[in-house]
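A, B, ... follow the sequence lines: proteins, then strands. Residue 1 opens every chain.
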Number of protein chains: 2
Amino acid sequence: MNAPQLTRNQALVFDVLEKAEGPLSAYTILDKLRDQGFRAPLQVYRALEKLLEYGVVHRLESINSFVACAHPGEDCHSHGIVAFAICESCGQVIEFHDHEVDHRLMSWVRSQKFKPAKTTIEIRGTCEACAA
Amino acid sequence: MNAPQLTRNQALVFDVLEKAEGPLSAYTILDKLRDQGFRAPLQVYRALEKLLEYGVVHRLESINSFVACAHPGEDCHSHGIVAFAICESCGQVIEFHDHEVDHRLMSWVRSQKFKPAKTTIEIRGTCEACAA
DNA sequence: ATCAATTGCGTTATGCTATAACGTGTGCAA
DNA sequence: TTGCACACGTTATAGCATAACGCAATTGAT
Ligand SMILES: [Zn+2]
Ligand SMILES: [Zn+2]
Ligand SMILES: [Zn+2]
Ligand SMILES: [Zn+2]
């Protein structure tokens, strides 16, 4: 899905995510947008829903958080499954793609006649800087 | 981690998960154990924490649910990353392992000097039976 | 035997995450 | 004009998870 012109709320939420150092929860986003008039979680969740649909934001299932896509311009959906490495110490997220992983998973899926809709790959651990 | 003798609460929770057709949320487990004296979420979460530690139960991050390991006897941790295919229609879960996927992910991780702690692979979609 | 540390358990309260349900306004096409 | 789709605002509620307290049983030194 390509991203059309964002609405005001969508643009505000996306802006917060883009400027953030790491992933943010919906409620953290809400707090950051109170000065812009946000009052309720739904304002954030509705914007996120669209941003996810457009592929410009990703949801990190294992930490209930959202992050701006690290590959602006490209269409993340087009280069296969998106994977994330999440540092549990500093919160930094690295987004990456591996076609061989995609290929193996999709070939397993085919062998089971399973119809995939959305695939999650998240590695939680410690980044190089935090490994100390 | 090998599983020692389970405590009463741990055994009750594990039993519910083992007999379930698919993954259950902590609160669903709680409801199923009210007759056995369970009153509070913590009783379930504390048991789950241990069962996860012993590797006899897996947590499905993308649906906030828990499922008994499909490979009893084996130590799931020993054959690498565990992956799941989750049918969003019937709730059935297929647990599998793919060494090549492990290898690719771990080789990426090494290249980034990232120290993995816990990796999640979950494919949500429709199973063969539900594809209809 | 005694003491300290660990572990499991029960309870109450609280916090965090997400959606339901209702109503409003605006733009656009039939 | 009328109907529809969509974004939005608000209130309320549902669903998921943990904090903090206290108690009892177990274990393992000393
Ligand atoms: Zn992306
Ligand atoms: Zn880090
Ligand atoms: Zn398993
Ligand atoms: Zn199914």
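- Screening A/Asn9, A/Ile29, A/Leu6 against A/Phe14 for a side chain to side chain contact (heavy atoms under 4.5 Å, CB included) leaves a single residue, A/Leu6.
- The shortest distance between the side-chain N/O atoms of A/Asn64 and the OP1/OP2 oxygens of C/dA18 is below 4.0 Å.
- Nearest to the side chain of A/Gln43, among C/dT11, D/dT10, C/dT19, sits D/dT10.
- Rounded to whole Å, atom C1' of D/dT18 lies 15 Å from atom CG of B/Leu30.
- Checking the phosphate oxygens (OP1, OP2) of D/dG9, a side-chain nitrogen or oxygen of A/Asn9 falls inside 4.0 Å.
- Ranking D/dC16, C/dT17, D/dA17 by closeness to the A/Tyr45 side chain, first place goes to C/dT17.
- Along DNA chain C, the nucleotide nearest B/Thr7 and the nucleotide nearest B/Tyr27 are compared for position; the residue whose nucleotide lies closer to the 5' end is B/Thr7.
- In this entry the distance linking CD of B/Gln36 with C1' of C/dG10 reads 17 Å, nearest Å.
- Across the protein-nucleic acid pair, B/Ile63 atom CD1 and D/dG15 atom C1' stand 14 Å apart, rounded to whole Å.
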Given side-chain hydrogen bond (donor to acceptor under 3.5 Å, both in side chains), test B/Arg124 with A/Thr120 step by step and report yes or no. CA-CA 8 Å; B/Arg124 293 178 308 294; A/Thr120 296; 3.1 Å; yes

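- Mapping A/Pro41 and A/Ala47 onto DNA chain D via the closest heavy atom, the residue that lands nearer the 5' end is A/Ala47.
- Annotation: side chain of A/Phe38 is in contact with side chain of A/Leu12 (closest heavy-atom distance under 4.5 Å).
- For A/Phe38 and D/dA7, the CZ to C1' distance is 12 Å, given to the nearest whole Å.
- Nucleotides of DNA chain C nearest to B/Gln10 and B/Gly37 differ in position, and the one nearer the 5' end is that of B/Gln10.
- Taking all atoms of both residues into account, the shortest heavy-atom contact from B/Gly55 to B/Cys69 is O-CB, 3.9 Å.
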Would you please test A/Tyr54 and A/Gln10 for side-chain contact (heavy atoms from CB on, under 4.5 Å) and show each step? CA-CA 11 Å; A/Tyr54 302 152; A/Gln10 288 161 18; 3.9 Å; yes

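- Atoms CG (B/Leu52) and P (D/dA17) sit 11 Å apart, rounded to a whole Å.
- With C/dA18, D/dT18, D/dT10 as the candidates, the nucleotide lying closest to the side chain of B/Leu42 is D/dT18.
- Distance A/Leu51 CG to D/dA7 P: 11 Å, rounded to the nearest Å.
- Within 4.0 Å (heavy atoms only), A/Arg46 reaches at least one base atom of the nucleic acid.
- Distance A/Leu6 CG to D/dC8 P: 10 Å, rounded to the nearest Å.
- Residue A/Asp31 contributes atom CG, which lies 12 Å from atom C1' of C/dC16 at whole-angstrom precision.
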